[in-house]
*Asks:* 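Below you will find the structure I want to go over with you.
Counting starts at 1 for both ligands and their atoms, in listed order. Worth knowing before you read on, the calculation uses all heavy atoms, side chains too, and leaves out hydrogens, waters and symmetry mates.
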Amino acid sequence: MTAEVINGKELAAEIKAEMKAEVSRLREQGLIPHLTVVLVGDDPASKSYINGKKKASGEIGISSQIIELPSSTTEKELLELIDRLNHDRDVHGILVQLPLPEHIQEQSIIEAIDPAKDVDGFHPINVGRMMTGKDSFLSCTPYGIITMLKSRDIQIAGKHAVVIGRSNIVGKPVGQLLLNENATVTYCHSKTADLKHHTQQADILVVAVGRANAIDADYLKGGAVVVDVGINRLADGSLTGDVDFDSAKEKAAYITPVPKGVGPMTITMLLKNTIKAAIGLADH
Ligand code: GUN
């Protein structure tokens with residue numbers, strides 16, 4: 001079997017075209033969705049991610065602003081900025097790029113953002129609403145993954161989904177979203193005994209390990225759906241995922257590539273959340 005490749009870049013382009021039309025309607029009504037992105041420090045990977053977010057916003061008519069602060073910024077200063085953005089009626093979405101410098105408590109910052117402007121979906125209110133199946137901002141990578149599966153009408157209900165990774169940003173919420181869609185969910189992580197035993201039973205395997213080629217065909221059940229969340233930069237500068245794509249695609253039914261897989265979907269879902277925030281705040 002050779003897997004069907006789910007191209008996240010193409011799907012993202014389709015969704016962005018729809019959102020562009022929606023933003024243009026909102027603008028005609030005088031509502032200009034606005035996203036403010038805050039970067040503390042000068043991590044090159046973070047800079048590249050936030051520039052991607054700004055570019056994608058501009059493409060569909062969302063206004064955006066990047067606030068860059070030095071790594072010496074104190075937690076108090078950052079909290080003051082967030083307070084100001086929370087009260088700024090023209091700012092609909094607030095995203096503080098992670099990771100933050102070590103002297104700043106990430107959780108304090110996440111909890112300071114108004115949940116109605118939390119387009120990352122990281123605030124405990126949004127996490128809790130997601131867990132209880134209520135309307136909420138969904139964190140962007142998990143939301144993008146579910147959207148990719150649904151775009152191909154891949155059945156989730158009743159399937160065994162195995163998630164490798166338990167981060168608050170990806171692993172935990174994607175498992176929860178799969179559970180909300182009635183999958184049977186297994187979480188694996190660095191302490192899991194006999195990882196392969198679990199992955200070989202996966203109808204849907206989500207890989208967020210953070211190591212190039214950590215998973216190859218040997219780890220898969222034939223006909224599995226493989227979602228690769230990894231972004232690893234190799235010595236030659238090229239990007240690769242956590243899955244050995246060439247071997248896995250001979251055994252899987254569907255697979256997401258890297259690049260042009262989950263990555264472009266993550267940014268697209270951020271834009272979707274920003275539009276949702278703008279409409280929600282305009283209604284109040
Ligand atoms: N760092 C890596 N991924 C993300 C993300 O989705 N949101 C934020 N705020 N920071 C990140």
*Asks:* State which residue, out of Ser136, Pro142, Cys140, fulfils the side-chain contact (heavy atoms from CB on, under 4.5 Å) condition with Leu138.
*Replies:*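 The side-chain contact (heavy atoms from CB on, under 4.5 Å) with Leu138 is passed solely by Ser136 among Ser136, Pro142, Cys140.
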*Asks:* Counting only nitrogen or oxygen atoms and a 3.5 angstrom limit, does Thr141 reach ligand 1?
*Replies:* no
*Asks:* Is the closest side-chain heavy-atom distance between Arg166 and Ser190 below 4.5 Å?
*Replies:*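 Heavy-atom side-chain distance check passes, below 4.5 Å.
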*Asks:* With the threshold set at under 4.0 angstrom, would you say Tyr49 reaches ligand 1 through any of its heavy atoms?
*Replies:*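 Distance cut 4.0 Å: Tyr49 fails for ligand 1.
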*Asks:* Is it the case that over 12 heavy atoms from other parts of the model lie below 6.0 angstrom from the NZ atom of Lys117?
*Replies:* yes
*Asks:* Does either side chain, that of Asn213 or that of Asp242, offer a donor lying less than 3.5 Å from an acceptor on the other one?
*Replies:* no
*Asks:* Using a 4.0 Å heavy-atom threshold (strictly under), name the region of Val96 that reaches ligand 1: side chain, backbone, both or neither.
*Replies:*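 Only the backbone of Val96 comes within reach of ligand 1.
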*Asks:* Could you tell me the residue and atom name of the protein heavy atom closest to atom 3 (N) of ligand 1, and the distance to it rounded to 0.1 Å?
*Replies:*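 Nearest neighbour among protein heavy atoms for atom 3 (N) of ligand 1, to 0.1 Å: Ile169 CD1, 4.3 Å.
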*Asks:* Which residue and non-hydrogen atom of the protein lie closest to atom 8 (C) of ligand 1, and at what distance in Å?
*Replies:* Asp120 OD2, 3.4 Å
*Asks:* State whether the side chain of Asn180 and the backbone N or O of Met130 hold a donor-acceptor pair below 3.5 Å, judged by distance alone.
*Replies:*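 Such a contact is found between Asn180 side chain and Met130 backbone.
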*Asks:* Indicate yes or no for a side-chain donor-acceptor contact from Lys54 to the backbone of Ser64 under 3.5 Å, with no hydrogens or angles considered.
*Replies:*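 Yes, Lys54 side chain to Ser64 backbone: donor-acceptor pair under 3.5 Å.
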*Asks:* Is there a polar contact between ligand 1 and Phe122, counting only N or O atoms under 3.5 Å apart?
*Replies:*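 No, since none of the N or O atoms of Phe122 sits under 3.5 Å from an N or O of ligand 1.
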*Asks:* Looking only at heavy atoms, is any part of Leu98 under 4.0 Å from ligand 1, and if so is it the side chain, the backbone, or both, or is it neither?
*Replies:* both
*Asks:* Please report which non-hydrogen protein atom sits nearest to atom 11 (C) of ligand 1, along with the residue it belongs to and the distance in Å to one decimal place.
*Replies:*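 Its nearest protein heavy-atom neighbour is Gln97 NE2, 3.4 Å.
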*Asks:* Using a strict cut-off of 4.0 Å, indicate which atoms of ligand 1 neighbour a heavy atom of Leu95.
*Replies:* 9 (N)
*Asks:* Answer yes or no: does an N/O atom from Lys53 fall short of 3.5 Å to an N/O atom of ligand 1?
*Replies:* no
*Asks:* Distance from Asp244 atom CG to Asp228 atom CG, nearest 0.5 Å?
*Replies:*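 The CG atom of Asp244 sits 10.0 Å away from the CG atom of Asp228.
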